[in-house]
> 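The following block contains the structure, expressed as structure tokens.
All heavy atoms count here, side chains included; hydrogens, waters and symmetry mates do not. Residue numbering restarts at 1 for every chain, and letters A, B, ... go by the order of the sequence lines.
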Amino acid sequence: MTPTLNYALTGVVLFSVGLSGLFFCAHLLRKILSVNMAGSGVFLVFVALARRQPDVPPDPVPQALVLTGIVVAVSATAVALALFRRLTHEPAEEPHG
Amino acid sequence: MNVLILGVAFFLLVNVVAGLVRVWRGPTALDRMLASQLFGTTGTAILLLLAEGLSNPALRDVALVFALLAPIATVVFVRRWPLSSSANGGSFHEHE
Amino acid sequence: MSTNDLVSCVSLVLGAFFFLAGTMGMLRFPDVYTRLHALTKADNLGLGLLVFGLALQAESWLAVAKLFLVWGLVMLASTTCCHLVAQAAWQAGISPWSRRDGQ
Amino acid sequence: MDSSLAWFDAILTLTLVVVALRVLFAQDLFQAIVLFIVFGLLLSLAWCRLGAVDVALAEAAIGAGLTGALFLNTLATTRRHGDQAPPAETIDRKGAWVDDKLPTLRPRPSTPWTGRLAFGLVAGSVTAWMAAVVVPLAVSSDAPRIAIDEAMLRSGVTNPVTAVLLNFRAYDTLLEVAVLMLAVLTVSSLTAGSARVSKALPSGPVLTSFVRLILPVVVMVAVYVLWSGTKAPGGAFQAAALLGAGGVLLLVTDTQSPSCARYLRRVLLVAGLAVFLLVGLGGMLGAGRFLEYPPAWAGVLITLVETVLTVSIALVLVMLFVGTSPTGAEGSARASDETPGATPLVSRERTS
């Protein structure tokens, strides 16, 4: 098994794990974690495929895409977390502060 | 030489996997945090070894970033997590 | 094998041993205060030995400087984190393990 | 040597999958988040093994540092404080988000077994289909490789990843920065500013001096990463991730953070996008197409854009953290009476 195949298949599995988490976890934070997990799986597939020929340096295009993806993922996560906070904090404010 | 370096890197990875048991078992939030901090140190060591073993000096920069940012989770945790250990929302004591 | 390589090998193996000791401590010590030792003592010593072993193999002085910088930073960080975790544990009312509790 | 690396890969990928499963299905939410941080560390090792050092640098700063901090921050504010149990209807009403003791591997009670079975089938076939697509791609050695090498000579830089990001596919990067702006706007307008946090550990002298020692090193390493990005792994995103993480550290310790007027913060926030656009328009005037650099100037222009982008993106990341932070309570950002985003400005040291 070549490293490329190994990591690419792991990426596929991680994507599925994230997908199942998105469906099966009730907690909203868990869903945000799931989306992150699925995203990491996709990144792993991309970067693994960038390195198909072991002798030459890896293909820069998928790497640049993943780099962009990581930064976009963290901002999307922050938006999701801000929404989550808004949801959890509004109703609970009056009784006990 | 390279065989030994990569062997040690592999050994440290196994160490990390063994250390995961502590994150798993807790029992308190602090134990879990501490274990993740430990992975930061071990991860730095693995990166330094890989940099030498794979002759890719750029990996040392990754190790540098690891070393710089390993404490951030712990610092955020202790500065934001409520100290009071109450019955319900117990912060450090987890009821298993 | 030159003396340089030999010293390097011994240092790497010793470093790996201390990492193993750190992990064992993490897993087997009874409470959070004792487990702090694994973080701050064993692993930092292990990292130091690895850094020393790798520095003997490094290709340039810049690489050596970077290696030692990494070690210094990790020591600084784990010292601080150790302090913070211990303080947080104490303030949260976790009492240190003593032999009597353990029995 | 090869066998040792093969074992390394096998253990690493296996651990990634196990940790991922545990993140999603462990009972305790805090444990899940710590494992998520560990997942980021392991993923960073995977990038290194695959030779994607640029990605590893960003992942080490963002995946293992910032994202974990964001989650911990959010979880800390959702804990119920005091001795009262959380109001029962909060748990029932919308999917039990306050409760962090969820049953392991059990779908939410309302899902019938048929639904679970159906989803299992769907997920299984999606996985099989993806694997069927990916495996032939992974084993084929005559991979179609976009012709980068000859274009590199005209790109103005020698790190191919930087060339792709800021020259060949600069459109993507420009739009990405716009997305980041949008995220900051959204987060800032959503900040509730009402969460009360019970007392956390005060930052004592040890933490304060640690931050004072470490921040200059963070800035120095960030500048180094930015500077080396034109010819070796590194660049604007990685440097910005580092600076952003440093800013979060400063914010959390609540030491005497340099603060500055809000207009300056806004200027710095949009500076990256603005300079990028201006350079692009300049290319339109000079070379005839948007975002096309004259080859002689490409190196200088890329460095200029990258430097400004670093400051802007770092500020974006810090503001995103502020957006998930508690406000107006002990040990929080000093943004109580001002509107959201009133963060102490961390980018000052790096500009002066």
> How long is the gap from CZ on B:F66 to CG on D:L57, to the nearest 0.5 Å?
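Reported value, rounded in 0.5 Å steps: 10.0 Å.
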> As an exercise, state the distance from CG of B:L68 to CE of D:M220, rounded to the nearest 0.5 Å.
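If I round to the nearest 0.5 Å, the distance is 8.5 Å.
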> What residue, out of D:L72, D:V218, D:L14, D:I214, has the most heavy-atom pairs lying under 4.5 Å from chain B?
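Most heavy-atom pairs under 4.5 Å with chain B: D:L72.
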> What part of B:L20 is in contact with chain D, defined as an atom under 4.5 angstrom from a non-hydrogen atom: side chain, backbone, both or neither?
side chain
> Does the pair D:V248 and B:V75 meet the rule for a side-chain contact (heavy atoms from CB on, under 4.5 Å), with working shown?
CA-CA 10 Å; D:V248 167; B:V75 172; over 6 Å; no
> What pair of heavy atoms forms the shortest contact from B:M33 to D:V34, and how long is it?
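Result for this residue pair: SD-CG2, 4.2 Å.
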> What is the minimum heavy-atom distance between B:A73 and D:I37, and which atoms define it?
CB-CD1, 3.8 Å
> Let me see the working for B:V23 and D:R22 under side-chain contact (heavy atoms from CB on, under 4.5 Å), right down to the final yes or no.
CA-CA 11 Å; B:V23 184; D:R22 193 76 193 155; over 6 Å; no
> Would you mind checking which part of D:I33 comes under 4.5 Å of any heavy atom in chain B, side chain (CB onward), backbone (N, CA, C, O), both or neither?
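The answer is neither part of D:I33.
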> May I have the list of side-chain donor-acceptor pairs in residues 222-229 of chain D shorter than 3.5 Å, sequence neighbours left out?
unit_1: D:Y224; atom_1: OH; unit_2: B:D61; atom_2: OD1; d: 3.3
unit_1: D:Y224; atom_1: OH; unit_2: B:D61; atom_2: OD2; d: 3.3
unit_1: D:Y224; atom_1: OH; unit_2: C:K66; atom_2: NZ; d: 2.9
unit_1: D:S228; atom_1: OG; unit_2: D:Y224; atom_2: O; d: 3.1
unit_1: D:S228; atom_1: OG; unit_2: D:V225; atom_2: O; d: 3.3

> Report all side-chain donor-acceptor pairs from residues 233-247 of chain D shorter than 3.5 Å, counting only partners two or more places apart or in another chain.
unit_1: D:Q238; atom_1: OE1; unit_2: D:G235; atom_2: N; d: 3.4
unit_1: D:Q238; atom_1: NE2; unit_2: D:D54; atom_2: O; d: 3.2
unit_1: D:Q238; atom_1: NE2; unit_2: D:D54; atom_2: OD1; d: 3.4

> Tell me, for B:A70 versus chain D, whether the close heavy atoms (under 4.5 Å) come from the side chain, the backbone, both or neither.
neither
> Which heavy atom of B:G40 sits nearest to which heavy atom of D:L41, and what is that distance?
N-CD1, 4.0 Å
> Top residue by heavy-atom pair count (under 4.5 Å) with chain D, among B:G7, B:A35, B:A58?
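Sorted descending by pairs with chain D, the first entry is B:A58.
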> Is any side-chain heavy atom of B:L54 less than 4.5 Å from a side-chain heavy atom of D:R49?
yes
> Using side-chain contact (heavy atoms from CB on, under 4.5 Å) as the criterion, point out the one residue from D:T15, D:I11, D:D9 that pairs with B:L13.
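It is D:I11, the one option of D:T15, D:I11, D:D9 that forms the side-chain contact (heavy atoms from CB on, under 4.5 Å) with B:L13.
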> Starting at CZ of D:F8, measure out to CG of B:L50 and round the result to the nearest 0.5 Å.
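The CG atom of B:L50 is 4.5 Å from CZ of D:F8, to the nearest 0.5 Å.
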> Taking all non-hydrogen atoms of both residues into account, name the closest pair between B:W24 and D:Q31 and its distance.
CA-NE2, 3.3 Å
> Quick one: what part of D:V221 sits under 4.5 Å from any heavy atom of chain B, side chain, backbone, both or neither?
side chain
> Taking side-chain contact (heavy atoms from CB on, under 4.5 Å) as the criterion, tell me which of D:V252, D:L66, D:L251 meets it with B:V76.
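Of the listed residues D:V252, D:L66, D:L251, the side-chain contact (heavy atoms from CB on, under 4.5 Å) partner of B:V76 is D:V252.
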> Between D:C48 and B:V62, what is the shortest heavy-atom contact and its length?
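The answer is SG-CG1, 4.2 Å.
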> Minimum heavy-atom separation for D:A61 to B:L69, with atom names?
CA-CD1, 3.4 Å
